[in-house]
Protein chains: 2
Amino acid sequence: MAKYNKRSDCPVSCSLDVWGDKWSLLIIRDLINAKQCTYGDFLKSAEGIATNILASRLLALEENGLIEKLSHPDSKAKVLYKLTPKGIDLLPLMIEIGIWSEKYYDIDKVKKAELKEVKKNKEEYIKAKIKELRS
Amino acid sequence: MAKYNKRSDCPVSCSLDVWGDKWSLLIIRDLINAKQCTYGDFLKSAEGIATNILASRLLALEENGLIEKLSHPDSKAKVLYKLTPKGIDLLPLMIEIGIWSEKYYDIDKVKKAELKEVKKNKEEYIKAKIKELRS
DNA sequence: ATTTTTGCTTGCATATTGCAAGTGCAAATA
DNA sequence: TATTTGCACTTGCAATATGCAAGCAAAAAT
């Protein structure tokens, strides 16, 4: 995203420059859930991102090294998006988002059950999930 | 922030509706660092937020229950902003942001040293910091 | 009494996002 | 082989959010 200007060298500031917009974290979320998505998969996602915004976010995330494009095994017309290791490393952050949200907002049942599992042993859950996402 | 519309009941989506803009997390960060700030303190912050944006973000964060306004002991002209328990609960999330940023970007020395401490015993650090922020 | 500080608000320019339609290429269908 | 459909985008324009500069009322300092 073409931000107005670079901000400070604070961790929060740096992060926001990379994924601090209205949609990037939702794209990351989809990729954590599904491991890989096509362009169409993202469009079908619950929140309904506009196609031009999706294209610009995917490009920015790719340029920032959080996701990568792979050729689809079934078809040349399709593209597969996956998280890079750098993107996968956002998992702990995403989990904390989940824990915080669950405490203060109504979350759907499936996510709630998943978070219950996470909280049993956070470290282990993260390790296992990372392994799964890298494979 | 008057978003176009509410999104899904996903944790990430809910969170983004509350703090998913360009400035909210930086305000939270300032309050975690300083424990309490005046309006002027935020304006002096490194990134340089515009005063109208600051006002609108502070209002939104207050409406969403993340921060609260207190009267300043020294002066009626001054206002103190502090995190609520709900705001303080964003600390684990902020720490994960720090850890991720440090891994992939150049962070200032002070923050790096702080993160080194955090990683020695994350649980303990969070507990202590929460206690400090609530007092 | 006058000036300065403090926490804002207002008006307007710029940037980002949202919506609808369209384009080019690959794949499926006739 | 010709035509239609699916997929990954692009383009144009409207709506919203952010950035910048100036202004304003109440409190505090001089």
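Lettering follows sequence order; numbering is per chain, from 1.
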Check your understanding: By side chain to side chain contact (heavy atoms under 4.5 Å, CB included), which residues pair with B:N121, not counting sequence neighbours?
Key ->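 By the side chain to side chain contact (heavy atoms under 4.5 Å, CB included) rule, B:N121 matches B:E123, B:E124.
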**Study point:** All side chain to side chain contact (heavy atoms under 4.5 Å, CB included) counterparts of B:Q36, not counting sequence neighbours
**Key:** B:L80, B:K82
Review point. Taking atom types as they are modelled, is there a donor-acceptor pair under 3.5 Å from the base of D:dC20 to the side chain of B:N52?
Key: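 Result: at least one qualifying N/O pair found.
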Could you state the atom-to-atom distance from [atom1] of [X] to [atom2] of [N] in whole Å?
X	N	atom1	atom2	answer
A:W23	D:dT16	CH2	P	15 Å
B:L54	C:dG7	CG	P	10 Å
B:D21	D:dT16	CG	C1'	13 Å
B:L59	C:dT10	CG	C1'	16 Å
B:D17	C:dT17	CG	P	15 Å
A:K22	C:dA15	NZ	C1'	14 Å
B:I53	C:dC8	CD1	P	15 Å
B:F42	C:dT6	CZ	C1'	14 Å

Practice item. With sequence neighbours excluded, give me every salt bridge (Lys or Arg N to Asp or Glu O under 4.0 Å) pair touching residues 28-37 of chain A. Key: A:R29-A:E47
Return a table of donor-acceptor pairs under 3.5 angstrom between the side chains of residues 84-97 of chain A and protein atoms on other chains or two or more places apart.
{"from": "A:T84", "atom 1": "OG1", "to": "A:G65", "atom 2": "O", "distance (Å)": "2.5"}
{"from": "A:T84", "atom 1": "OG1", "to": "A:L66", "atom 2": "O", "distance (Å)": "3.1"}
{"from": "A:T84", "atom 1": "OG1", "to": "A:K86", "atom 2": "N", "distance (Å)": "3.4"}
{"from": "A:T84", "atom 1": "OG1", "to": "A:G87", "atom 2": "N", "distance (Å)": "3.2"}
{"from": "A:K86", "atom 1": "NZ", "to": "A:N64", "atom 2": "O", "distance (Å)": "2.8"}
{"from": "A:K86", "atom 1": "NZ", "to": "B:Y105", "atom 2": "OH", "distance (Å)": "2.8"}
{"from": "A:D89", "atom 1": "OD2", "to": "B:K103", "atom 2": "NZ", "distance (Å)": "2.9"}
{"from": "A:D89", "atom 1": "OD2", "to": "B:Y104", "atom 2": "OH", "distance (Å)": "2.4"}
{"from": "A:E96", "atom 1": "OE2", "to": "A:K122", "atom 2": "NZ", "distance (Å)": "2.6"}

Quiz: residues 125-132 of chain A side-chain donor-acceptor pairs under 3.5 angstrom, not counting sequence neighbours:
{"from": "A:Y125", "atom 1": "OH", "to": "A:E114", "atom 2": "OE2", "distance (Å)": "3.3"}
{"from": "A:K129", "atom 1": "NZ", "to": "A:I32", "atom 2": "O", "distance (Å)": "3.4"}

Exercise for review: Please figure out whether A:K76 or A:I49 has its closest DNA chain C nucleotide nearer the 5' end.
Suggested key: A:I49
Practice item. Show which residues join B:V110 in its hydrophobic cluster (side-chain heavy-atom contacts under 4.5 Å, direct or indirect), or state none. Key: none
Check your understanding: With a cutoff of under 4.5 Å between side-chain heavy atoms, which Ile, Leu, Val, Met, Phe, Trp and Tyr residues group with A:L59?
Key ->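 None, because no other hydrophobic side chain comes under 4.5 Å of this residue.
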**Study point:** Watson-Crick and G-U pairing of DNA chain C written in dot-bracket, each distance under 3.5 angstrom, with | for inter-strand partners
**Key:** ||||||||||||||||||||||||||||||
Review point. What heavy-atom pair brings B:L43 and B:T51 nearest, and what distance separates the two atoms?
Key: CD2-CA, 3.9 Å
Identify the pairs formed between an N or O of the protein and an N or O of nucleotides 3-9 of chain D at a distance under 3.5 Å, and give each distance.
{"from": "D:dA8", "atom 1": "OP1", "to": "A:V79", "atom 2": "N", "distance (Å)": "3.2"}
{"from": "D:dA8", "atom 1": "OP2", "to": "A:G40", "atom 2": "N", "distance (Å)": "2.9"}
{"from": "D:dC9", "atom 1": "OP1", "to": "A:K69", "atom 2": "NZ", "distance (Å)": "3.4"}
{"from": "D:dC9", "atom 1": "OP2", "to": "A:Y81", "atom 2": "OH", "distance (Å)": "2.4"}

Check your understanding: Does the side chain of B:R57 reach to within under 4.5 Å of the side chain of B:I67, using non-hydrogen atoms?
Key ->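 When only atoms from C-beta onward are counted, B:I67 and B:R57 do not touch, as no gap falls below 4.5 Å.
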